[in-house]
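The structure appears below as structure tokens.
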Amino acid sequence: MSMSNADPQTRSAAQRLHASLAARGVDRVVVHAMAQVPRHEFVPEDMRASAYEDVALPIGLEQTISQPSLVGKMTQALRLNRRCRVLEVGTGCGYQTAILAELASHVMSIELEPTLSGEAHARLRRLGYRNVELRVGDGYEGWPERAPFDAIIVTAAAPHVPPALVQQLKPGGRLVLPVQRELVFVVKDAEGRTNETSLGEVAFVPLRRLNP
Ligand code: SAH
């Protein structure tokens, strides 16, 4: 939405971070979207001074807000535009959700922890995001009632690529997720065949299952 309410120090820290992401090759459109989102509003009060460092930070319940450069890399892989319907698994504090909402038409996001989902909901409303729908549940199964999606992002490490998520992708759809310690990118072609590539090594909190 906007950084306009931030104090000058916060704004210049944000500008430095976003310039460094651009310098490291994050797509201009994605950096622009990230620059609209006040990350300091998504971290606990006592972490605000670090909000624009390129690090993951704790958000409570042993969960973390992802590192900005990784958020940039994953968002970029999804190749979003204003017509896209996106599914996110792992709402957390809602930071990644907000960035997706800046770029896509509609974002649906699932979170296992009711507390985190409730806080993210209040925060995203307060910041003015209206194209976001949140749900509490196990994202391993996707969101069949809202499928199919142009893009799906998972922000917790899965043991393997969840079959339901691949199934809920449109032809031409993109899925990015950490599988154990590897960031995996899946594309579904027009015939429904999938192609998987690796985007490198990453560390994420584990995807937990409700009824494994
Ligand atoms: N995108 C988030 C990252 C949060 S960390 C952010 O920017 O803040 C990963 C999140 O995934 C945690 O909030 C965790 O509770 C959630 N999670 C773990 N397993 C899940 C599952 N099976 N379904 C949905 N959410 C899950």
Side-chain angles (χ1 to χ4, degrees), residues 1 17 21 26 30 33-34 36-45 47-48 50-78 80 86-104 107-124 127 129 132-147 149 151-165 168 175-181 183 202-212:
M1 285 282 115
L17 170 67
L21 296 181
V26 180
V30 171
M34 293 179 75
Q36 309 310 304
V37 179
R39 193 170 185 256
H40 64 278
E41 302 267 7
F42 290 81
V43 302
E45 205 88 52
M47 293 280 158
R48 288 199 168 179
S50 306
Y52 296 97
E53 287 168 27
D54 191 25
V55 292
L57 295 169
I59 56 171
L61 299 173
E62 289 172 37
Q63 304 306 317
T64 55
I65 177 172
S66 303
Q67 187 179 355
S69 53
L70 189 48
V71 169
K73 181 176 181 169
M74 291 173 78
T75 305
Q76 180 167 336
L78 296 177
L80 300 177
V86 186
L87 174 69
E88 176 188 35
V89 174
T91 315
C93 66
Y95 173 65
Q96 172 78 69
T97 320
I99 292 160
L100 299 171
E102 293 281 347
L103 292 162
V107 182
M108 284 131 286
S109 185
I110 309 176
E111 168 59 50
L112 198 60
E113 290 286 352
T115 319
L116 290 176
S117 183
E119 288 170 5
H121 182 258
R123 183 178 289 124
L124 290 165
L127 293 171
Y129 291 99
V132 170
E133 190 181 359
L134 304 185
R135 203 195 96 186
V136 174
D138 181 358
Y140 182 87
E141 303 296 348
W143 195 335
E145 298 81 4
R146 295 286 182 276
F149 304 101
I152 302 178
I153 180 170
V154 183
T155 64
H160 50 254
V161 178
L165 299 185
Q168 291 171 29
L175 162 64
V176 68
L177 80 165
V179 175
Q180 297 166 38
R181 297 191 63 86
L183 190 60
V202 285
F204 273 88
V205 298
L207 186 81
R208 287 161 298 131
R209 303 295 316 283
L210 216 46
N211 300 299

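Just follow the structure's listing: the first ligand is 1, and inside any ligand the first atom is 1. Because the structure is a prediction, the values reported are computed rather than measured.
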A cation-pi test, strictly: NZ or CZ of R39 under 6.0 Å from the centre of the six-membered ring of Y52 and no more than 45 degrees from its axis. Yes or no? no
Partners of Q168 by side-chain hydrogen bond (donor to acceptor under 3.5 Å, both in side chains), sequence neighbours excluded? none
Aromatic contact between Y140 and H160, with the criterion being ring centroids under 6.0 Å apart: yes or no? yes
Less than 4.5 Å apart, side chain to side chain, heavy atoms only: is that true for R208 and E113? yes
Could you tell me whether the side chains of E88 and S109 share a donor-acceptor contact shorter than 3.5 Å? yes
Flag side-chain contact, heavy atom, 4.5 Å: I99 against V71: yes
Sub-3.5 Å pairs, protein N or O with ligand 1 N or O:
residue: ligand 1; atom: 1 (N); partner: E88; partner atom: OE2; Å: 3.4
residue: ligand 1; atom: 1 (N); partner: G90; partner atom: O; Å: 3.1
residue: ligand 1; atom: 1 (N); partner: T155; partner atom: OG1; Å: 3.2
residue: ligand 1; atom: 8 (O); partner: C93; partner atom: N; Å: 3.2
residue: ligand 1; atom: 13 (O); partner: E111; partner atom: OE1; Å: 2.8
residue: ligand 1; atom: 13 (O); partner: E111; partner atom: OE2; Å: 3.3
residue: ligand 1; atom: 15 (O); partner: E111; partner atom: OE2; Å: 2.5
residue: ligand 1; atom: 15 (O); partner: R208; partner atom: NH2; Å: 2.9
residue: ligand 1; atom: 19 (N); partner: R208; partner atom: N; Å: 2.9
residue: ligand 1; atom: 22 (N); partner: D138; partner atom: OD1; Å: 2.8
residue: ligand 1; atom: 22 (N); partner: R208; partner atom: O; Å: 2.5
residue: ligand 1; atom: 23 (N); partner: G139; partner atom: N; Å: 2.8
residue: ligand 1; atom: 25 (N); partner: L112; partner atom: N; Å: 3.2

